[in-house]
Amino acid sequence: MAVSRTPMDERYDPKKIEPYWQAEWERSGLYLTGDDRSRAKFYLLEMFPYPSGNGLSVGHLHNYVPSDVVGRFKRMNGYNVLHAMGWDAFGLPAENEALLKGLHPKQTVPQYAANFKRQLKLTGCAYDWTREINSSDPAYYRWTQWFFLLMYRRGLAYRAVGSQWWCDECRTILANEQVVNGCCWRHPETLVTKKDLEQWYFKITAYADRLLDDLAIVDWPEPIKLMQRNWIGRSEGAEIAFDVVGHPGKTVRFFTTRPDTVFGVSFMVLAPEHPLVPEITTAEQRAAINEYVAQARRQSEIERLSTVKEKTGVFTGAFARNPFTGKDIPIWIADYVLMGYGTGAIMAAPGEDQRDFEFATKYGLEIPRVTAPLDGSAPDPGRAFTEHGITVNSGFLNGLKTADAIQAVARWVDEHNIGRSTVTYRMRDWLISRQRYWGAPIPIVYCKGDCGIVPVPDEQLPVLLPDMKDYQPSGTGRSPLANVPEFVNTACPKCGGPAERETDTLDGFACSSWYFLRFASPHYDRAPFERAAVDYWLPVDLYIGGAEHAVMHLLYARMWTKVMFDAGLIGFKEPFMVLRNQGMVWAADGQKMSKSRGNVVTPDAMVEKYGADALRLWELFMGPFEEPTNWNEDGVTGTARYLTRVWAMVRRYVQAGCPQGSPDAETLRRVHKTIRTVTDHLDRQRFNTALAALMDLLNYAARLEPAVLGRFAIESYVVMLAPMAPHIGEELWRALGHDRSVHLESWPKYDPELARDELVTIVVQINGKVRDRLHVGAGTAEDEVRGMALKSPAVVRHLDGKPPRKIIYVPDKLLSIVA
RNA sequence: GCCGGGGUGGUGAAAUGGUAGACACAGAGGACUUAAAAUCCUCUGGACCUAACGGUCCGUGCGGGUUCGACUCCCGCCCCCGGCACCA
């Protein structure tokens with residue numbers, strides 16, 4: 001029953017109808033997911049939010065409201081829609097709050113999540129809340145741990161030493177974001193250092209090629225695909241080893257994309273951390289080398305890789321023999337070579353590489369030229385010639401084109417057993433260890449006997465995160481869990497003898513790498529998901545979220561999906577078939593909305609002032625969905641005013657007794673055209689122009705007598721408005737005499753015949769300038785239009801007696817005369 | 001530095017080779033009202049001509065080009081936003 005029975009209230013009052021319908025929808029279970037698997041499905045998903053204590057702002061709604069419109073629109077178009085919400089609850093902010101304020105995440109997370117949920121309901125967003133999930137719930141992270149073990153069993157999880165930032169004052173590991181100007185964020189006078197720790201990694205590099213290739217099968221924004229390609233950074237080349245002079249058996253292995261320039265190699269450069277450095281450095285160079293290595297290790301990666309900085313390096317005193325030229329070349333170290341890429345060593349061909357050129361110039365090293373430009377000119381002596389060309393000064397390579405020379409060198413090094421063709425990736429393996437409390441414990445046990453590293457058996461999962469009163473760090477670099485003996489000390493699952501648990505927890509990205517599968521069967525307790533449910537619902541049909549997750553989250557989730565595919569757990573290779581990025585909403589001052597800046601606008605305040613529907617419409621109307629924009633509250637007055645006008649139009653119709661009506665041709669045409677436009681624009685996420693089309697129709701229809709407008713027009717209008725403004729849509733629908741929710745209605749269909757224009761305006765241009773407009777019947781023949789145009793007084797005047805040299809006719813649109 | 005996105009009225013924007021500024025906000029004038037709010041109506045890119053009807057020119061960051069025709073395509077430049085950062 002409508003809140004206001006007929007006759008409708010004169011005034012539109014969102015405060016009266018919005019809470020009523022929200023309660024009613026919840027009572028009737030309107031948004032529960034249908035379980036009829038013979039129907040076409042649509043899985044709609046927004047990126048898993050972290051439930052922050054600050055709650056949602058109107059900026060966040062620029063993601064959730066358009067998504068909600070899509071869900072409602074798809075439902076009206078006959079799809080069985082899955083649209084659920086959950087919480088990416090593990091992570092640093094909750095742990096920091098626990099440390100600083102003594103608030104336990106186990107209390108704050110549910111509290112903050114409940115607030116998000118309240119705000120989403122307040123704004124009329126329709127989710128199936130029976131499917132709500134929380135990544136910090138043992139019933140969830142049990143399966144995150146299970147996936148870790150799957151990775152481990154498949155040889156994709158391994159331990160290796162990695163260095164982390166360390167603050168002596170906090171006696172703990174710091175994340176990159178906690179290092180400010182080389183100092184600890186909480187102790188600005190304390191310089192951070194690097195600490196080496198043995199940690200867990202996932203072998204994502206094993207999937208590099210498939211992550212690259214399968215971008216072809218998804219419909220994602222091109223810029224996001226490009227960023228992933230650049231991040232993976234596949235490059236083909238060769239790995240070659242040169243002998244170190246005077247150190248029998250020692251070689252410098254390096255990777256190069258330009259093996260063809262090997263005759264032009266005049267020195268080599270190692271990363272300062274390269275293991276060979278201490279072995280080959282000569283006594284007289286040792287002091288200088290040690291000092292350089294120490295300062296390189298102090299630098300952050302950003303500083304070290306800065307392009308504005310002049311290149312620096314130090315000679316080790318050692319030489320390598322270039323087997324192609326037979327010459328001995330000096331081995332240097334420099335911080336522009338990274339241990340994490342390739343082999344941590346390069347051959348320097350300064351004639352063909354600009355960085356090597358700058359380095360050679362600075363230190364007075366030889367700059368041979370081994371590639372000549374194809375056009376026969378000489379290379380610019382002031383810089384390296386980095387393009388492909390003809391190989392010169394290079395023995396058996398002379399005269400070969402670059403591509404052929406690359407092949408020839410690859411064959412040569414293979415035959416002489418000093419190298420091979422290979423591929424290197426910029427992407428590194430994924431470090432998943434966190435020395436933190438608030439995460440899923442890594443399910444591994446270290447046996448004190450002979451069993452070594454032992455995975456926790458599936459039936460012993462979850463490894464529960466213990467309750468702690470004090471999450472101070474351990475002081476040793478291990479997580480606070482190391483302070484809990486009941487957690488650490490356990491029995492070896494293999495031999496039953498004494499053992500210790502792994503105290504590192506899993507990176508939060510692990511939780512968000514499979515959550516989209518959990519929504520299909522959120523309460524299933526025998527596996528992470530029920531196969532049949534996943535086969536029906538997955539993959540995700542539309543994934544909506546910010547472009548800031550372009551690489552990490554989206555790559556990790558894709559990798560997990562491929563691992564599951566390989567393990568036979570699922571039947572698809574890509575998790576998100578269509579991806580769209582909503583534009584960022586900045587505060588009115590153009591800055592990020594944040595509590596500290598005091599520029600946050602909450603949905604609560606906007607709903608109180610204008611109502612949820614008016615706020616929703618402004619979120620849709622303020623600009624294109626994918627473009628960033630600044631928040632501007634003034635626009636909400638416009639959408640609120642629009643809703644009062646819709647209310648008035650429907651009320652007039654209801655008061656006239658809801659006549660079937662007999663609309664004239666113009667009215668019919670406008671109604672059918674509007675249905676066509678709104679349908680098309682909602683399909684393409686063009687919410688702003690879809691709403692503009694509805695506003696346009698209102699401006700026309702509001703003047704008409706109810707009997708002219710008629711039932712089809714009014715009802716179609718209310719149904720089309722309902723996904724965008726669900727509360728007023730429902731209220732008006734009931735006022736029109738319907739017992740069933742508008743949100744269960746079918747989307748209106750337009751008749752292409754009725755939508756067609758009968759009269760068209762043909763623009764007449766002379767030399768590109770508009771000189772007249774002709775109103776003629778649609779489909780008028782060119783000859784007739786020509787005749788009319790050439791008789792038009794304006795055309796005659798502008799032609800000024802000159803004969804037309806050429807006439808171009810675009811049917812029903814334009815006649816262009818060239819004089 | 002490289003990669004990506006963008007620059008249109010006072011403001012948010014629309015138009016993806018065919019009437020630039022749809023739809024709104026703000027503003028001005030008017031109606032209703034004792035008054036105000038709300039609501040409704042009219043005008044609203046700039047310059048100029050006209051008593052008026054109407055008309056002319058300019059105008060989508062800047063400079064070129066392609067085309068009968070360019071916000072849209074091409075070349076060069078400037079500015080803003082985002083991402084990545086010496087990747088061998």
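The analysis underlying the following values was restricted to heavy atoms, covering all of them including side chains, and did not include hydrogens, waters or symmetry mates. The chains referred to below are lettered A, B, ... by the order of the sequence lines, with proteins before strands, and numbering in each begins at 1.
Counted within 6.0 Å of CZ on Arg253(A), heavy atoms from surrounding residues, nucleotides or ligands total 12 or fewer; the atom is thus considered open. Lys813(A) NZ: 12 or fewer foreign heavy atoms inside a 6.0 Å radius.
Using atom C1' as the reference point in both U66(B) and A13(B), the two lie 30 Å apart (nearest Å). Distance check on atom P: C79(B) versus G27(B) gives 36 Å, rounded to whole Å.
His798(A) comes within contact range of the sugar-phosphate backbone alone, with a heavy-atom separation under 4.0 Å but no base atom that close. Heavy atoms of Arg771(A) sit under 4.0 angstrom from primed sugar atoms or phosphate atoms, though from no base atom. Counting any heavy atom pair closer than 4.0 Å across all strands shown, Asn630(A) reaches no nucleic acid atom. Note on Thr424(A): nothing from the nucleic acid sits closer than 4.0 angstrom, heavy atoms only. Gly638(A) comes within contact range of the sugar-phosphate backbone alone, with a heavy-atom separation under 4.0 Å but no base atom that close.
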Listing time: all N or O pairs from protein to nucleotides 2-7 of chain B that are below 3.5 Å?
none

For nucleotides 67-70 of chain B, tabulate all protein N/O to nucleotide N/O atom pairs closer than 3.5 Å, reporting atom names and distance.
{"unit_1": "C68(B)", "atom_1": "OP1", "unit_2": "Lys806(A)", "atom_2": "NZ", "d": "3.3"}
{"unit_1": "C68(B)", "atom_1": "O2", "unit_2": "Ser816(A)", "atom_2": "OG", "d": "2.6"}

Show me the protein contacts with nucleotides 36-41 of chain B, counting only N or O atoms at under 3.5 Å.
{"unit_1": "C40(B)", "atom_1": "OP1", "unit_2": "Arg645(A)", "atom_2": "NE", "d": "3.1"}

Pairs under 3.5 Å (N/O, protein and nucleotides 43-48 of chain B):
none

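Applying the salt bridge (Lys or Arg N to Asp or Glu O under 4.0 Å) criterion to Asp680(A), with sequence neighbours excluded, gives Arg684(A). Applying the side-chain contact (heavy atoms from CB on, under 4.5 Å) rule to Asp634(A) yields the partners Asn632(A); only residues at least two apart in sequence or on another chain are considered. Glu705(A) pairs by the salt bridge (Lys or Arg N to Asp or Glu O under 4.0 Å) definition with nothing, not counting sequence neighbours. Not counting sequence neighbours, the partners of Arg258(A) by the salt bridge (Lys or Arg N to Asp or Glu O under 4.0 Å) test are Asp260(A). A search for salt bridge (Lys or Arg N to Asp or Glu O under 4.0 Å) contacts involving Arg383(A) returns nothing, not counting sequence neighbours. In this view, Thr689(A) and His681(A), Arg686(A) satisfy the side-chain contact (heavy atoms from CB on, under 4.5 Å) rule, not counting sequence neighbours.
Taking the six-membered ring where the residue is Trp, Phe324(A) and Phe242(A) present tilted rings, their angle falling between 30° and 60°.
In this structure, the CG atom of Leu691(A) is 13 Å from the P atom of C23(B), given to the nearest Å. Atom NE2 of His274(A) is separated from atom C1' of A88(B) by 13 Å (rounded to the nearest Å).
A 4.5 Å side-chain heavy-atom check between Arg580(A) and Asp219(A) finds at least one atom pair inside the cut-off.
Within residues 343-359 of chain A, the residues having any heavy atom closer than 4.0 Å to RNA chain B are, in order of number, Ile346(A), Arg355(A).
Note that OG1 of Thr422(A) is 11.0 Å distant from CD1 of Ile240(A), once rounded to the nearest 0.5 Å.
Of the candidates A88(B), C25(B), A14(B), A88(B) carries the atom nearest the Tyr341(A) side chain, counting heavy atoms from C-beta on.
In this model, a donor atom of one side chain and an acceptor atom of the other lie less than 3.5 Å apart for Thr312(A) and Tyr292(A).
Under the 6.0 Å distance and 45° angle rule, Arg558(A) does not count as a cation-pi partner of Trp231(A).
Between the side chain of Tyr12(A) and the main chain of Ala640(A), no donor-acceptor pair closer than 3.5 Å is present.
In this model, the phosphate group of A24(B) is not approached by any side-chain N or O of Thr639(A) to a distance below 4.0 Å at OP1 or OP2.
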What pairs of donor and acceptor atoms, side-chain ones from residues 766-773 of chain A against any protein atom, are under 3.5 angstrom apart with sequence neighbours left out?
{"unit_1": "Asn767(A)", "atom_1": "OD1", "unit_2": "Ala819(A)", "atom_2": "N", "d": "3.0"}
{"unit_1": "Arg771(A)", "atom_1": "NH1", "unit_2": "His798(A)", "atom_2": "NE2", "d": "3.3"}
{"unit_1": "Asp772(A)", "atom_1": "OD2", "unit_2": "Ser792(A)", "atom_2": "OG", "d": "2.6"}

So Phe509(A) and Trp430(A), ring pair (Phe, Tyr, Trp, His ring centres under 6.0 Å) or not? Walk me through it. CA-CA 10 Å; Phe509(A) 280 121; Trp430(A) 172 13; 7.1 Å; no
